[in-house]
2 protein chains.
Amino acid sequence: MSESERKRRSSKPRQAKAPTIVDVAALAGVSMMTVSRVINSEQKVRQSTRDAVNAAIAKLNYAPNRAARSLAGASQLRLGLLYSNPSEAFLSAFVVGSLEEAGRSDVQIIVQKVEDGEDLGLAAKRMVAGGIHGVILPPPLNEANEVLRVLRQTDTPTVAVTTAVPHEGIATIMIDDRSAAREMTAHLIELGHRRIGFIVGHPELSASGARLEGYREALAEASIPFDEALVAQGYFTYRSGLDAAEELLSLEDQPSAIFASNDDMAAATVAIAHRRGLDVPGDLTVCGFDDVALATTIWPELTTIQQPIMEMSRRAVELLVTLLRNDRKDQIGDLRIEVDYKLVRRQSDAAPRRRPAMRPPVPSWG
Amino acid sequence: MSESERKRRSSKPRQAKAPTIVDVAALAGVSMMTVSRVINSEQKVRQSTRDAVNAAIAKLNYAPNRAARSLAGASQLRLGLLYSNPSEAFLSAFVVGSLEEAGRSDVQIIVQKVEDGEDLGLAAKRMVAGGIHGVILPPPLNEANEVLRVLRQTDTPTVAVTTAVPHEGIATIMIDDRSAAREMTAHLIELGHRRIGFIVGHPELSASGARLEGYREALAEASIPFDEALVAQGYFTYRSGLDAAEELLSLEDQPSAIFASNDDMAAATVAIAHRRGLDVPGDLTVCGFDDVALATTIWPELTTIQQPIMEMSRRAVELLVTLLRNDRKDQIGDLRIEVDYKLVRRQSDAAPRRRPAMRPPVPSWG
DNA sequence: GCTCATATCGATAACGCTAACATAACAGAA
DNA sequence: TTCTGTTATGTTAGCGTTATCGATATGAGC
């Protein structure tokens with residue numbers, strides 16, 4: 001066999017060629033079909049094989065070739081990500097997580113915002129009409145009935161992320177909010193706190209209730225009576241945290257610790273404490289929930305419950321892809337995926353200062 | 001129930017498949033290769049043949065399949081996006097922008113994170129080894145010498161986004177930091193401020209210097225003498241902003257406004273102001289730079305300079321694609337693209353409170 | 001007439017991937 | 001054991017286009 005001189009005039013002298021599915025297969029010691037299965041989240045692949053393939057993918061820095069894929073007939077999945085105005089810190093982590101997974105599985109994510117005052121149902125309809133195969137819902141839209149109704153009616157597979165109470169026909173990815181809040185509260189109790197303030201989250205979100213429950217449970221377990229006055233209503237916003245903290249710190253018998261239902265409100269609490277000349281954590285322990293970027297931006301950095309938001313949105317995409325590609329979208333309603341949270345201690349908590357026990361009320365100016 | 005008939009396996013109402021080059025060839029009575037030549041306006045086709053093919057194309061309403069084209073033709077472009085740990089908010093906007101453009105231009109984006117403590121040069125090498133045609137660099141990696149060195153050595157076309165001072169051989173997409181800072185400072189002056197504090201950013205990032213320059217220019221234009229004491233060093237972190245703000249507010253002759261080089265430090269300034277019992281903006285105007293999520297999370301929301309991040313990363317991809325597709329990658333080093341910033345006014349700025357010392361002479365009773 | 005160069009055009013092999021079918025591997029049932 | 005049925009993996013055949021090179025015409029020059 002004579003081989004022809006293939007020397008083409010190379011304008012690109014030494015450009016390594018992009019790794020293909022074959023390279024990955026060779027490295028992993030499997031056939032390319034198996035690699036294809038792994039990147040498409042198909043089911044019938046043994047875990048060990050899957051791991052080997054993923055390792056090879058990572059090592060080679062492989063990314064599937066879109067053109068080839070769509071040529072070969074793979075339908076391009078399109079997932080919608082509908083959001084309104086949650087904490088932006090939260091949203092960013094959320095979007096990054098889903099985009100990351102989307103790149104891997106080569107699905108398209110249509111990110112769409114519902115403006116304030118816009119009709120939610122309409123927005124959902126518009127999204128569905130755009131030819132979407134599935135929808136991912138971060139809070140607070142994941143508990144907005146108008147949205148959920150439309151998605152159910154149009155039979156659109158949907159994953160809600162971070163709802164504490166699952167809605168019918170809609171998959172849920174969550175942490176155990178109740179037990180996380182209980183753990184944090186127990187931690188504060190163990191530090192020696194007895195008067196622990198609590199700032200509740202938005203009343204319409206199920207996580208708020210779950211976290212409050214956890215707080216109460218921990219108190220009960222430690223036989224500390226529940227004091228209604230120590231609970232202030234918030235709405236998950238920094239602004240609402242300001243008011244709630246003000247309320248709690250104006251109590252005659254001030255709390256020595258405040259546990260806010262999210263980091264934004266915890267940050268606000270720190271701000272109020274400082275404004276009142278209180279040292280955190282010297283005079284007041286403050287902790288939050290979520291562990292968004294804000295928690296480590298401010299000083300002192302917040303002790304908080306880490307909710308793996310990126311991981312959760314990543315899983316949401318993965319879940320939808322798996323179900324849609326394996327034609328099992330009817331099973332979606334039953335799915336509840338719980339991921340692990342973690343209590344991360346930073347600088348905002350400490351044992352209470354030896355309290356001037358039962359000190360008489362300070363003269364108030366109110 | 002006689003619906004089984006209805007549900008019969010769908011017969012022929014097959015949706016008409018798009019005509020392919022073969023269909024055109026058949027209709028025109030030529031080979032598909034000739035059709036390909038006509039489509040690509042190559043020269044060596046007889047006019048009569050060309051006409052016949054064009055007629056067939058028109059009759060069939062044929063449009064070439066993009067995926068197939070890029071698969072068969074020039075290898076698909078792959079661009080790397082290397083990031084470390086910037087603000088997540090920044091990153092998500094950045095990623096969304098580039099992915100959007102990537103979809104449009106039919107290129108692949110390989111997103112890779114450099115973990116904390118990981119060797120930067122190595123990470124860059126790994127990326128290049130993956131057969132990448134170009135790299136996009138968000139901050140802070142776009143000024144990391146280890147990364148830039150590797151990219152230059154391997155002759156990898158690179159675009160840095162948001163560097164104020166271009167690095168040699170590397171294209172830059174930026175806003176005019178200097179003029180933005182000047183505009184903000186001028187805005188404060190116009191509000192009536194005369195003593196304006198400035199918190200400088202990290203000394204190793206070029207944007208810091210540019211912003212400081214802009215501040216000085218605006219002062220000069222308004223004939224306000226530059227006072228070294230009003231400039232405090234920061235490092236773009238909240239923590240450093242705390243210290244800097246403390247320094248500025250401890251001056252005997254306090255500033256009536258503080259302009260921080262980014263939003264994190266501006267937020268810290270607000271916190272310090274509150275701690276000192278100063279109302280923002282009543283007693284102190286504070287403004288920032290960047291318009292990240294934090295700017296609208298805290299209260300009052302920050303007046304700041306908005307950088308169009310999505311637009312910038314979109315342009316970065318567009319730029320690389322254009323250069324690579326047209327084989328002009330040697331020109332990349334000279335490119336500087338400037339996009340528009342915007343001063344967004346929110347609630348953290350106001351006219352200075354009239355200070356007794358500065359007031360025009362008051363009628364005395366002595 | 002013949003040989004060559006030149007224009008045209010066509011046959012075939014990639015390109016990287018997945019669908020569909022084929023086979024191996026490993027259970028459990030008979 | 002042998003059969004049967006899953007489950008996990010491999011093989012083959014395209015998807016619609018362009019590259020490459022070979023195959024025809026066409027025509028000039030001898």
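Only a predicted model underlies this, so the values are computations on that prediction, with no experimental measurement involved. Naming convention: chains lettered A, B, ... in sequence-line order (proteins, then strands); numbering from 1 in each chain.
Checking the phosphate oxygens (OP1, OP2) of D:dT18, a side-chain nitrogen or oxygen of B:Ser36 falls inside 4.0 Å. Residue B:Asn65 places no side-chain N or O under 4.0 Å from the OP1 or OP2 atom of D:dC15.
Taken over five-pair windows at either terminus, the axes of the helix from C:dG1-D:dC30 to C:dA30-D:dT1 are inclined to one another by 60° (rounded to 10 degrees).
Taking atom CZ of residue A:Arg66 and atom P of nucleotide C:dC17, one finds them 13 Å apart after rounding to whole Å. Atom-to-atom, CG of A:Leu71 to P of C:dC15 comes out at 14 Å; the value is rounded to the nearest Å. Summarising the geometry, the separation between CD1 on B:Ile21 and P on D:dT17 is reported as 5 Å, rounded to the nearest angstrom. In this structure, A:Asp23 atom CG and C:dG16 atom P are separated by 9 Å, rounded to whole Å. At whole-Å resolution of the value, CZ in A:Arg69 and P in D:dG16 are 18 Å apart. In this structure, CE of B:Met32 is placed 11 Å from P of C:dG10, rounded to the nearest angstrom. Atom C1' of nucleotide D:dG16 and atom CD1 of B:Ile39 are separated by 10 Å, given to the nearest angstrom.
Under a 3.5 Å cut-off, the side chain of A:Thr322 and the backbone N or O of A:Glu318 do form a donor-acceptor pair. For the pair B:Arg126 (side chain) and A:Asn61 (backbone), a donor-acceptor distance under 3.5 Å is absent. At distances below 3.5 Å, not a single donor-acceptor pair connects side-chain atoms of B:Asp51 with backbone N or O atoms of B:Ser48. Listed for the B:Ser313 side chain is a donor-acceptor partner under 3.5 Å among the backbone atoms of B:Ser98.
Between B:Met33 and A:Thr20, the one whose closest nucleotide on DNA chain C sits nearer the 5' end is B:Met33.
Residue A:Gln43 places its CD atom among more than 12 non-hydrogen atoms of other residues, nucleotides or ligands, all under 6.0 Å distant.
Taken to the nearest 0.5 Å, the CZ atom of B:Arg78 stands 8.5 Å off from the CG atom of A:Asn65.
For residues 317-324 of chain A, proximity to DNA chain C is found at no residue, defined as any non-hydrogen atom under 4.0 angstrom from a strand atom.
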Name the pairs: protein N/O against N/O of nucleotides 5-9 of chain C, kept only if under 3.5 Å.
residue : atom : partner : partner atom : Å
C:dT8   : O3'  : B:Arg46 : NH2          : 3.4
C:dC9   : OP1  : B:Arg46 : NE           : 3.4
C:dC9   : OP1  : B:Thr49 : OG1          : 2.4
C:dC9   : OP2  : B:Arg46 : N            : 2.8

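In summary, the side chains of B:Thr156 and B:Thr154 do present a donor paired with an acceptor at a separation below 3.5 Å, with no hydrogens or angles considered.
Contact detail for B:Pro19 and B:Leu60: the closest heavy-atom pair is CG-O, 3.5 Å. Heavy atoms only, all atoms of each residue included: A:Ala28 and A:Ala52 are closest at CB-O, 4.0 Å. The nearest pair of heavy atoms linking A:Val321 to A:Leu77 is CA-CD1, 4.2 Å.
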message: With salt bridge (charged side-chain N to carboxylate O under 4.0 Å, His left out) as the criterion, how do B:Arg149 and B:Glu146 come out once you've worked through the C-alpha distance, each side chain's angles and the decisive distance to 0.1 Å?
response: CA-CA 5 Å; B:Arg149 191 175 332 111; B:Glu146 296 131 286; over 6 Å; no

